[in-house]
Novice: 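Have a look at the structure that comes next, please.
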There are 2 protein chains.
Amino acid sequence: MSIAIDPQDIKKEKILESAYNRFLHYGYSKTTMNEIAGDVSMSKALLYYYFPDKSQLYVAVMQKLANDHLKVIKSGTDFPSLEEAFITQLTNKNEFILKNYNFFDFFRLNEQNLPDAIWEIIGQLHEAEIEQLSNCITNEVKKGVIKPVDDPKAIVDLLLDALHGVRVRSFSQKKIHFPKLDQMEEIHQKRLLLVKIFVKGLMN
Amino acid sequence: MSIAIDPQDIKKEKILESAYNRFLHYGYSKTTMNEIAGDVSMSKALLYYYFPDKSQLYVAVMQKLANDHLKVIKSGTDFPSLEEAFITQLTNKNEFILKNYNFFDFFRLNEQNLPDAIWEIIGQLHEAEIEQLSNCITNEVKKGVIKPVDDPKAIVDLLLDALHGVRVRSFSQKKIHFPKLDQMEEIHQKRLLLVKIFVKGLMN
DNA sequence: TAACAGAACTTTTGATTAAATTGTTCAAAA
DNA sequence: TTTTGAACAATTTAATCAAAAGTTCTGTTA
């Protein structure tokens, strides 16, 4: 079966690409439909032929990014150790966030009520992470390296929350802001340490 | 030396008490200086004789609460185990927050730029916690229960951040809000688990 | 002079409006 | 079916203003 190249898909792709670049560069609210239309040399109205509205365009871009990252998450399997598994996932996620840092600007602003579709994507990623890592735990338990746990997923969940809580102690620790780009590396290092201690705490 | 009872102090206390109750019940922004003045049967202007302004009145109340809690923090010493030490501190803090939950309403609203004085108090509490717990670690290291660590304070700091990150996975995990009152118990249980794993991860 | 109160003053808040920008739809053309 | 220009609707921004609340002033009392 040959793959028919749908010209609609090509246009959609063009739009998605422009949107991604704009969102990445200027953030959601500073990107206008006019500008995207200009990028791809289409009328603004045509954007609405391909995408229902601006927020769903953003979601579509997000989904694309997420799909790429999902592949990365799911590709990693049978690690030499649980620690390796956690560290790899952690590092992958860190790179994912670094790479698209400004794109997630949307999250920081709309922090409160993100569209359901966004939460679904976040849920997908989260679910995949949990699935992958809890499997690792189960395997290690079978090997006898890790002591048996009731609910591997709950353990992974707990660690992910804990990792999420790690931040830099800024001078006098003011504000609880999202981590700034230049703090990410320090945070990443701290997280690696946390993972090591945590994993050791699970061992027999 | 006999303690002279300063009538000014008595009035200050009255004001602080009324303010505390008001802040606790209605929060900072829904409490007016008029109401406090009414409570203590003084003129509103008199409040400004005793306290520079509203925010510093709040800070004074906060400092009082903090002092009480500081005593609790510092009282706990020589625990049977490191785990006991962490769990005790964690439980104390949990009770402290539960008891004054609505008082901290101020934090949730002004989340961004709290007055410096507030951050100082938070710093005091944090410092005391770190001090206490890192001492426990140092002791346990000497006993050989825990394996040597470079920087005990950094370890405690990391754990505190991690604990701070623990939250409930609400249905579809929407929002990153401050934990609601009715979620506190679930969070506390998760934190206890995290402490156990973490401490075990530090052991020899 | 320290402790106080009434009234005046200043700042903040909330509601309202108007203007401008931007997102969205639609009728019609290619 | 795909595309557009133009109309339309929604959102944002700024400006305004009155009420409420915070703060200060002036002077009185003890």
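Hydrogens, waters and symmetry mates play no part in the numbers below; they use all other heavy atoms, side chains included. Throughout, a chain's letter reflects where its sequence line sits, starting with A, and its residues are numbered from 1.
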Novice: Just how far, in rounded Å, is P of dG22(D) from NZ of Lys54(B)?
Specialist: 4 Å
Novice: Any residue in residues 12-36 of chain A with a heavy atom nearer than 4.0 angstrom to DNA chain C? Just list them by number, or reply none.
Specialist: Thr31(A), Thr32(A), Met33(A)
Novice: Which pairs, with at least one residue in residues 60-71 of chain B and sequence neighbours excluded, count as a side-chain hydrogen bond (donor to acceptor under 3.5 Å, both in side chains)?
Specialist: Glu13(B)-Lys64(B), Gln63(B)-Asn67(B), Gln63(B)-Gln124(B)
Novice: Could I get the full list of ring-ring contact (aromatic ring centres under 6.0 Å, His included) partners for Phe79(B), not counting sequence neighbours?
Specialist: none
Novice: Can you confirm if the NZ or CZ of Arg108(B) lies within 45° of the ring axis of Tyr101(B) and under 6.0 Å from the centre of its six-membered ring?
Specialist: yes
Novice: Taking the six-membered ring for Trp and the full ring for Phe, Tyr or His, determine whether the centres of Tyr58(A) and Phe103(A) are under 6.0 Å apart.
Specialist: yes
Novice: Under 6.0 Å between ring centres: does that hold for Phe23(B) and Tyr20(B)?
Specialist: no
Novice: For residues 40-50 of chain A, which residues have at least one heavy atom under 4.0 Å from DNA chain C?
Specialist: Lys44(A), Ala45(A), Tyr48(A)
Novice: How many Å lie between CZ on Phe51(A) and C1' on dT25(C), as a whole number?
Specialist: 18 Å
Novice: List the atom pairs, with distances to 0.1 Å, where a side-chain N or O of residues 148-156 of chain A and a protein N or O form a donor-acceptor pair under 3.5 Å, not counting sequence neighbours.
Specialist:
residue   : atom : partner   : partner atom : Å
Asp151(A) : OD1  : Lys153(A) : N            : 3.2
Asp151(A) : OD1  : Ala154(A) : N            : 3.3
Lys153(A) : NZ   : Glu131(A) : OE1          : 3.3

Novice: Got a sec, which residues hit side chain to side chain donor-acceptor pair (under 3.5 Å) with Glu84(B), two or more places apart in sequence or on another chain?
Specialist: none
Novice: Quick one: do Arg169(A) and Asp161(B) make a salt bridge, cutoff under 4.0 Å?
Specialist: yes
